[in-house]
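Because the structure is predicted, anything quoted here is derived from the model rather than measured. Proteins get letters first, then strands, A, B, ... in listed order; numbering begins at 1 in each.
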2 protein chains.
Amino acid sequence: MKKIKVGLIGLGTVGAGVAKLIKTRHAYVKAKFNVDLELKTICDLKIDPKLRKSLATVKATSNFHEILNDPDIDVVVELIGGLHPAYEIISGALNKDKHVVTANKAVISNYGRELFRLAHEKKRSVYFESAVLAGVPIIKTLTEGIAGNQFTGLYGIVNGTCNFILTEMSTNGLSFESSVKLAQDKGYAESDPTLDINGMDSAHKLAVLIALAMGKFLKVKEDIYTEGITHISAEDLAYADQMGLTIKLLAIAKKNNNKIEARVHPTLISKKHPLASVNNVYNAVLLDADALGDVLLVGQGAGQMAAASGVFSDLINLAIDNETGPRTWIGDNPNEIEKIALRSMDEIETEFYIRLMVLDRPGVLSKITGILGQCGISIASVTQKAVNKNSFVPLVMLTHVAKESSVKKALQKINQLKEVAAKPVAIRMEQL
Amino acid sequence: MKKIKVGLIGLGTVGAGVAKLIKTRHAYVKAKFNVDLELKTICDLKIDPKLRKSLATVKATSNFHEILNDPDIDVVVELIGGLHPAYEIISGALNKDKHVVTANKAVISNYGRELFRLAHEKKRSVYFESAVLAGVPIIKTLTEGIAGNQFTGLYGIVNGTCNFILTEMSTNGLSFESSVKLAQDKGYAESDPTLDINGMDSAHKLAVLIALAMGKFLKVKEDIYTEGITHISAEDLAYADQMGLTIKLLAIAKKNNNKIEARVHPTLISKKHPLASVNNVYNAVLLDADALGDVLLVGQGAGQMAAASGVFSDLINLAIDNETGPRTWIGDNPNEIEKIALRSMDEIETEFYIRLMVLDRPGVLSKITGILGQCGISIASVTQKAVNKNSFVPLVMLTHVAKESSVKKALQKINQLKEVAAKPVAIRMEQL
């Protein structure tokens, strides 16, 4: 029997869920895994009295040092979120020779490299299954499930709020604003949903996935091109639908010739691909593994018990893996990592959906396609979505694969035409 | 550095792929995982001379006992398939204190219980990631990725041949026979595809999944209701499509009140569910985990490198897990297992799609719905698919949830009506 004593810091929604799982599944985990998980101490500035009562036999404190300094505690679970003092708790725990389980994407994406190195030195583990897709085991899949493969591509729907909003706009024709409101009413979006809808939450998760899948720690703000969903309209979703496409906020990484590209932006994909059916608050990650091929993992990437489940799995796996040292350490092997460069956004090549408001008048199309041609962009299809002589009508184009910098240049020129009203809408497209 | 010496028995397609991965990724695995995998000996009755040449430094034999008796070999990889001598190789290796990696669904579904018990006694591991979905890590997900959850439902598209055939029938309107022929031409189906299309291959894989997810070893032939896809017609797929549904061969398990139901049959599911977009030779498993919620895993469940990838991952994980003892052993804990009973097929409750060829004449529908009503089956929709007075026309019905035994009884009665030509087609439906 492997006995593990746990100190749990952060008794918010997820923390309360973890405490509940440790308590109610104690016998089950003992019988099935031969693991005896004991919640010894809980820590938060304030603990809900009802929760406190349900954990009457557990020690409680408001000072996390009590947990770090308790030699009896084997694992510290950090669930307070944010960078500080989460970083200090995790590094402090490792320095006190304790294992760590965390669900903190900010800490892992910002300090992962240092923390994994520290864990390696101290022969301790940092497990973080719930940092990206809650309990949906993407971390386990990347680090162990598909071991020995190199990952050449990665496409994630990793923000449930955005996916819910886009699903509502797409299937019910709601406006962006109404969809945000609905997401808030349903508790899927914060009262300030900025970090979800501007793509930053997805970028943090992408940084964690890239570190695991491609061996490079990127700086979220500097290295990951991030574009949110605020400029997506129900109109564009409807046009996409007519062409057998849909729009998802994708976190994308590709690796080839020792270069990585990393970007978060709304992306057109075929409705026939299983990723297109990942709707509402569901999340998913599609992986291109060089020996295995493409693998898709779908599930609920948020929610109390979904996140608690990932932390709970980490605790069980940690208890079993205990003797082997830090299993998910992703190292600083210079041979593998230092050679990897970052591809600049200007070099990226994708297909594009472009929507313009153009004057319905002979010769306009020729001007526009002329500019695209000059910039080396070839067109796959053009559809004028209405007829209204001498008025502005939507013109929708799909391009073949084109360089980001060329498209940018072409759109600037097109934007200057007097026959084009409003700023062109340009959405990248991926063939999955 | 963890050094593992491997003996590989069975140099067919997958075996050759594994040998290739061990050889070409030796340095990568050493650098990334600190694991030194050495292929020491290969064994087959006949080894392709070109393959032999590419493995010139590896010892070769046609007698597997040479591998079992070599005290220097840590892990035996069994890739000969079938029950015998695969069982003798695996049990022999364990008895000689060696770990085992296998991709053999027949051995695991038939002898899993004995082999896992033996492994437990000998403190050795049996890894078998590739036994169900090739390298798509469903075994890892069930045993570790979603640890601490109880699985209440499991829905798998686990046979690529059947899925290819149904996809062709559904998207290109091909007949069953033409689709089988096409699958054979493309190398997706054997010249004798019986075990694929009659569902037995899926039943074996379901038995493995149920053992892992629900803790009970079922007897494939006696315990798993198995119905193949030979009676599915392009016509039914087209009618399903009109109703927003599609047909997949699903391997299904559900567990509640300590009873398990286990069945393989063509199943109608909503086209909106991501599982419906799993097409061609792709495989998938949808899991209902009680804390986490539903999780879907999709990928290529067959093919040389996909299967070799799973075996290769097993070898790496085994090298790392080495000291912890048998990680994926799923035990004989009597508390958990003995109480679980099998639900008989007659007790199963599902919705049904029923297609009849009926005489287009007043009063016929009333007779049919009368019989269904008497048997306690309520109808969700009825559509007569053509009008042709006094001739036989297709009548398509969807029922609400009904007992299997009631539907069987009703269909027998309906079959006796002189206004009904041909045997009724009945296909179960699942709400995922």
Is it the case that [X] and [Y] place a side-chain donor and acceptor less than 3.5 Å from each other?
X         : Y         : value
Asn258(B) : Lys216(B) : no
Asn149(A) : Ser309(B) : yes
Asp321(A) : Tyr127(A) : yes

Highest number of heavy-atom pairs under 4.5 Å with chain B: which of [options]?
options                                   : value
Gly303(A), Gly299(A), Ala291(A)           : Ala291(A)
Gly17(A), Gly310(A), Gly135(A), Ala308(A) : Gly135(A)
Ala27(A), Ala276(A), Pro274(A)            : Pro274(A)
Ile138(A), Val35(A), Val298(A), Leu297(A) : Val298(A)
Val295(A), Val29(A), Asp294(A)            : Asp294(A)
Met305(A), Glu129(A), Arg25(A)            : Arg25(A)

So which bits of residues 282-290 of chain B come within less than 4.5 Å of chain A, counting non-hydrogen atoms only?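 Answer by number: Tyr282(B), Asp290(B).
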Please look at Leu21(B) and chain A and tell me whether the side chain, the backbone, both or neither of the residue comes under 4.5 angstrom of a heavy atom of that chain.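 Only the side chain of Leu21(B) comes within 4.5 Å of chain A.
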Option in Ala307(B), Gly145(B), Gly293(B) with maximal non-hydrogen atom pairs under 4.5 Å from chain A: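 Of the candidates given, the most pairs with chain A belong to Gly145(B).
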Report which part of Leu133(A) has an atom under 4.5 Å of a heavy atom belonging to chain B: side chain, backbone, both, or neither.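 Neither; nothing under 4.5 Å.
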Between Tyr28(B) and Phe33(B), how do the two ring planes meet: parallel, tilted or perpendicular, split at 30° and 60°?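 If you compare the ring of Tyr28(B) with that of Phe33(B), the planes turn out perpendicular.
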So, the side chain of Lys248(A) versus the backbone of Val278(A): is there a donor-acceptor pair under 3.5 Å, distance only?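 Yes: the side chain of Lys248(A) pairs with the backbone of Val278(A).
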Short question: side chain of Gln304(B), backbone of Thr13(B) - any donor-acceptor pair under 3.5 Å?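 Side chain of Gln304(B) to backbone of Thr13(B): a pair is present.
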Going by the rule side-chain contact (heavy atoms from CB on, under 4.5 Å), which residues pair with Lys3(B) if we only count those two or more places apart in sequence or in a different chain?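 Here the qualifying residues are Lys5(B), Asp36(B), Glu38(B).
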Quick one: salt bridge (charged side-chain N to carboxylate O under 4.0 Å, His left out) partners of Lys122(A), sequence neighbours excluded?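 Here the qualifying residues are Asp97(A).
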Mind checking what makes salt bridge (charged side-chain N to carboxylate O under 4.0 Å, His left out) contact with Lys271(A), not counting sequence neighbours?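 Listed in chain order: Asp241(A).
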If you measure from OG on Ser313(A) to CD1 on Ile146(B), what distance do you get to the nearest 0.5 Å?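 That separation rounds to 7.5 Å.
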